[in-house]
Amino acid sequence: MTGGNRHIGRPVPPPHHDRLVRGNGRYLADLRADAVLHAAFVRSPLAHAHVVRFDATAARNDPRCALVLGPRELAERTAPIPAVWLLPGQPEDTIPVAVGTARYAGQPLGVVVADSPGAAEDLAEAVRLELDPLPPVPTLAAALAGGAPPVVPGTPGNEAGRVRHGSPQADIAAALARAALVVEREFTLPRVNHAPLEPRGVLAEFDTGTGLLTVRASSQGPHSMRQDLCAVLGLRADRVRVIAPDVGGSFGSKVLLYPDEAMVCAAAVALGAAVRWVETRAENFTAAYQGRGQRTTARLAVGEDGRFLAFDAHILADLGAYATQAGSGPYQVAALTLQGPYHVDAAAATVTGVYTTRVPTGAYRGYGMQEATFVRERLIDEAARELAIPPVALRERNLIRPHELPHTTHTGLTYDSGDYGAALRRAADLARRRAAPDPPWVRRGTAVVAAVEISAFAPSALLEALDIAWSGWEGVRLRVNHDGTITVYAGVTAVGQGIETSLAQIAAEGLGIPLDWVRVELGDTDTAPHSDLSSQASRAVTLAGGALVLAARRLADRMRALAAGFLGAEPEHVTQRVAPDAAPGSPDAAFHGPDGAWITWREVAHRGYRGWGRRDRTDPVRLEESVDFDPPRLTFAHGAHAAQVAVDLGTGRVTVAGYWAVHDSGVLVNPLIAHGQIVGGIAQGLGQALTEESAADAEGRPLTRSFREYTLPAAQDVPDDLVVEHTSTPSDAIPGGFKGLGEGGTILPPAAVACAVAAAVPEIAHTLTSLPLTPARVRAALRAAGITAEGGTR
């Protein structure tokens, strides 16, 4: 193959960005539909209450009203949503759509459909609710307190189940007994909002003539949404079509079908009409699933020689009012990844799910790994401080070495490849910058932390072993059209991460053709290969890309074989020559035989569609290859981040002055996209380190209802001195050698920032166990330590 069509590794700007920045995106609110009606929800104002009366008389008598479905009507029309990842002993394995008891403020109790969005909102407010208040249990402490009212009937103590991952308790006890130092802390990782640029939304249209429900949704997982809708509405799979148009971000919030989205679809079926609902920002803050939310007691045992002996943790998981489909998944991943990239004699974590009267929690970018990294790296830093060992030296002493890979952790994860020490040392080198002199009321500190990132989640055999009711394989379909152009169909979805461009690069590379011949189609259950997990868990490029590598190899071989048949030569004697700017029908895009004869790429495709040129009558005719790729195992990206912070002793404000990240994500398909993913993840992680927390009052009612109360990181919060570097250790489990990187940037910043603050002000290091490190929280710790605004001590 000649012609210079090398695409993997090139920083190609995503072509679709031009369409989006010019305002030509087609997000949920932009979509057109004939005679579309609009939905609004009647939501509980209380965090815990019996629904005594749902009186929609005034709303139904209004001429603008098309439909009202209250708890009774919803119970007649819907079944619960199936849960997927259950804790042992979990009392509920479904999520109710129709409810008689509200378990969180903002829970949808009914849906109103009217001829305009404003009318729908008005009529929803006209519904009269009579609620019998029940005692709220808005915190883990309240839920676990003696005599706490059960959130879920029949669950005394509000425990939703428990699971342990890792070493037997006897091994942990033995390691602790021989330790020279045991560091134990209680860590609080608060709930956070996903806050995507585009909130959730659904446009559901039911055709009574065909019985077809077409749902356009701002969704990360159209296929899993379709499966859940079939279960909820009792429809056949071939009568439900889910399409994801342009999706304005997700970060895990749009992975699952929500009860309110199911209500919109039930209304469309009831009316035989098109019904649209676009979530308001207030709804997104108060009713969309949240991320994180755990309290962890953890300890690290260290031997006299500075070797790690044991990590041990007990994670209390704030599931909220019910366990979402992913349920305890993020907390279990935190347990599974607690050991990180380090050698240790024993490691284990227990997860206890707890029901509270708060919005349920679910997937969030970094899915448990950010939480595990914060806990682990803070423990290591505290151990280094008590042992008077430089933290980087303590980490490096305990890192798993390249020659020791593959390495299986005590929780059963098998790390495949990488050089953890090289990333740590490089991040530390990058952070050795001379800083300008600071005034006496400012302290400056630097820290370096490390982590691994689960990617290619997950082999179906692993999901089966863990009894997680999803499939882990990923499918693609690659087609050469009759005019020589190429179409890629994949089950992963585009949520702003540039996957369309990356898949096009992989296909073009594998076929040896120009990039502009390739079109990528995603997000439609009628055309995309099945994908339960789709674009989440750092798996899109690894699994869809790996499948596409195989499909491209097969299709390239078939095109060469067809060309050989037309040229009267053996395939191995045929040369493909395609110039980088050639069209499919150009003489510069042709197969050449040994005698000088040639045939264009387009002509081979065109004749192939006629069934001509096959070497055997049993050879397939269609120029299309479908590959379902189920990876043999997980693959692991890894990285190290360094942060330098300046702490104002007077105000408690923490400023990130510099940030340096080194990542190994295997073979990078598009370095430009990879850089954007890492930088965006770092900014998101800095927000969780310093500003973001979803709060509620003592009654469980949300206090953060808008961006006025919920502070996202702004441009000034991201340092100008931000450096991202990549090393590359290809995966031997994934065709193409790819590893994931979508979550890596988010995983490390909270740990890096907190450890840097500890380095700047060691007097308060032992208190840095809760996020976010707001000025008020840091200032309180400074005052408690007797540190004055002028930099002295009292």
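Scope of the values below: all heavy atoms of this structure, side chains included, with no hydrogens, waters or symmetry mates.
- Side-chain contact check for Y367 and Q332: no donor-acceptor pair (N or O, by modelled atom type) lies under 3.5 Å.
- Of the N and O atoms on the side chains of T635 and Y415, not one donor lies less than 3.5 Å from an acceptor on the other residue.
- In this structure, the side chains of T94 and I81 stay at 4.5 Å or more apart for every pair of heavy atoms.
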Stepwise ring-ring contact (aromatic ring centres under 6.0 Å, His included) test for H194 and F251: CA-CA 6 Å; H194 296 79; F251 312 119; 7.7 Å; no
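- Here the side chain of S731 pairs a donor or acceptor atom with the backbone of A733 at under 3.5 angstrom.
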Trace of the salt bridge (charged side-chain N to carboxylate O under 4.0 Å, His left out) decision for E396 with R425: CA-CA 8 Å; E396 188 164 15; R425 290 187 295 273; 2.5 Å; yes
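- Side-chain atoms of K254 and S218 form a donor-acceptor pair, as typed in the model, at a separation below 3.5 Å.
- Salt bridge annotation for R553-E625: absent, with no cationic side-chain nitrogen under 4.0 angstrom from a carboxylate oxygen.
- When all heavy atoms are compared, the tightest approach of S417 to P730 is OG-O, 3.6 Å.
- Interatomic distance, S471 OG to H530 NE2, rounded to the nearest 0.5 Å: 4.0 Å.
- Expressed to the nearest 0.5 Å, how far CE of M225 lies from SG of C230 amounts to 11.5 Å.
- In this structure, CZ in R162 is found 13.0 Å from OG in S328, a value given to the nearest 0.5 Å.
- No donor-acceptor pair under 3.5 Å is formed between the side chain of R292 and the backbone N or O of T361.
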Could you please spell out the steps behind the side-chain contact (heavy atoms from CB on, under 4.5 Å) verdict for D171 and H410? CA-CA 11 Å; D171 291 355; H410 293 282; over 6 Å; no
Could you go step by step and tell me if W517 and W601 meet the ring-ring contact (aromatic ring centres under 6.0 Å, His included) rule? CA-CA 11 Å; W517 293 12; W601 174 280; 5.7 Å; yes
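- In the model, E743 has a side-chain atom that pairs as donor or acceptor with a side-chain atom of S538 under 3.5 Å.
- Using modelled atom types, one side-chain atom of D664 and one backbone atom of G666 make a donor-acceptor pair closer than 3.5 Å.
- Nearest heavy atoms, A347 versus I172: N-CD1, 3.9 Å.
- Using a distance-only test at 3.5 Å, with no hydrogens or angles considered, no donor-acceptor pair links the side chain of S167 to the main chain of A346.
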Could you go step by step and tell me if T411 and L338 meet the side-chain contact (heavy atoms from CB on, under 4.5 Å) rule? CA-CA 9 Å; T411 57; L338 178 66; over 6 Å; no
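- Residues V518 and T485 have side chains not in contact (no heavy-atom distance under 4.5 Å, counting atoms from C-beta outward).
- Proximity of L424 to V449: side-chain heavy atoms (C-beta onward) are nowhere separated by under 4.5 Å.
- Inter-residue side-chain proximity for I734 and L543 is flagged as met; some heavy-atom pair is nearer than 4.5 Å.
- Closest approach of S253 and P196 over heavy atoms only: OG-CG, 4.1 Å.
- Across all their heavy atoms, P671 and P11 have their closest contact at CD-N, 3.8 Å.
- Considering only heavy atoms from C-beta on, I95 stays 4.5 Å or farther from Y258 through its side chain.
- When only modelled atom types and interatomic distance are considered, H641 and H663 share a side-chain donor-acceptor pair under 3.5 Å.
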Using side-chain contact (heavy atoms from CB on, under 4.5 Å), reason through I454 and V333 one step at a time and then give a plain yes or no. CA-CA 9 Å; I454 296 174; V333 169; 4.3 Å; yes
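- The closest side-chain donor-acceptor pair between H7 and R10 falls under 3.5 angstrom.
- Looking only at atom types and distance, the side chain of T296 has a donor-acceptor partner in the side chain of Q294 under 3.5 Å away.
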For the pair E377 and R395, evaluate salt bridge (charged side-chain N to carboxylate O under 4.0 Å, His left out) and give the outcome as yes or no after the intermediate values. CA-CA 9 Å; E377 298 299 309; R395 287 182 169 87; 2.6 Å; yes
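- Nearest heavy-atom pair, T337 versus L413, reported as atom, atom and distance to 0.1 Å: CG2-CD1, 3.9 Å.
- K739 places a side-chain N or O within 3.5 Å of a backbone atom of F636 that can act as its donor or acceptor partner.
- When side chains are defined from C-beta on, W473 does not count as touching F629, because their heavy atoms never get closer than 4.5 Å.
- In this structure, a donor-acceptor pair under 3.5 Å is absent between the side chains of Q370 and T746.
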Tell me, with the steps shown, if R633 and D732 meet salt bridge (charged side-chain N to carboxylate O under 4.0 Å, His left out). CA-CA 10 Å; R633 57 186 179 276; D732 63 1; 2.4 Å; yes
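- For the 3.5 Å distance criterion, the side chains of S502 and N670 fail to qualify, holding no donor opposite an acceptor.
- Judged by distance alone, the side chains of E371 and Y364 never bring a donor and an acceptor atom under 3.5 Å apart.
- Annotation: side chain of I506 is in contact with side chain of F738 (closest heavy-atom distance under 4.5 Å).
- A donor-acceptor contact under 3.5 angstrom links the side chains of H314 and T352, judged on distance only.
- At most 12 heavy atoms of other shown residues, nucleotides or ligands fall within 6.0 angstrom of atom CZ in R622.
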For side-chain contact (heavy atoms from CB on, under 4.5 Å), just list the numbers for L548 and V627, CA-CA rounded to whole Å, side-chain angles, deciding distance to a tenth of an Å, and then say yes or no. CA-CA 7 Å; L548 193 52; V627 171; over 6 Å; no
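- Taking both residues in full, the closest heavy atoms of Q677 and R365 are given as O-NH2, 3.1 Å, listed atom of the first, atom of the second, then distance.
- Within the 4.5 Å cutoff, no side-chain heavy atoms of L256 are placed close to those of S224.
- With hydrogens and angles disregarded, a donor-acceptor distance shorter than 3.5 Å links the side chain of E453 to the backbone of G744.
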Could you go through the ring-ring contact (aromatic ring centres under 6.0 Å, His included) check for F308 and H343 one step at a time? CA-CA 7 Å; F308 296 162; H343 273 297; over 10 Å; no
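- Residues forming a side-chain contact (heavy atoms from CB on, under 4.5 Å) with L86 (at least two apart in sequence, or on another chain): A83, Q90, D93.
- Using a distance-only test at 3.5 Å, with no hydrogens or angles considered, a donor-acceptor pair links the side chain of R560 to the main chain of V574.
- A distance of 11.0 Å separates OG1 of T525 from CG of D238, quoted to the nearest 0.5 Å.
- Counting only residues at least two apart or in different chains, salt bridge (charged side-chain N to carboxylate O under 4.0 Å, His left out) contacts with residues 521-546 comprise R241-D524, R241-D526, E474-R539, R519-E521.
- Note that CD1 of I315 and OG1 of T350 are 8.5 Å apart. Values are rounded to the nearest 0.5 Å.
- Note that OG1 of T727 and CG of L668 are 9.0 Å apart. Values are rounded to the nearest 0.5 Å.
- Residue E404 qualifies as enclosed at atom CD: its count of foreign heavy atoms under 6.0 Å is above 12.
- A donor-acceptor distance shorter than 3.5 angstrom exists from the side chain of Q576 to the backbone of G512, with no hydrogens or angles considered.
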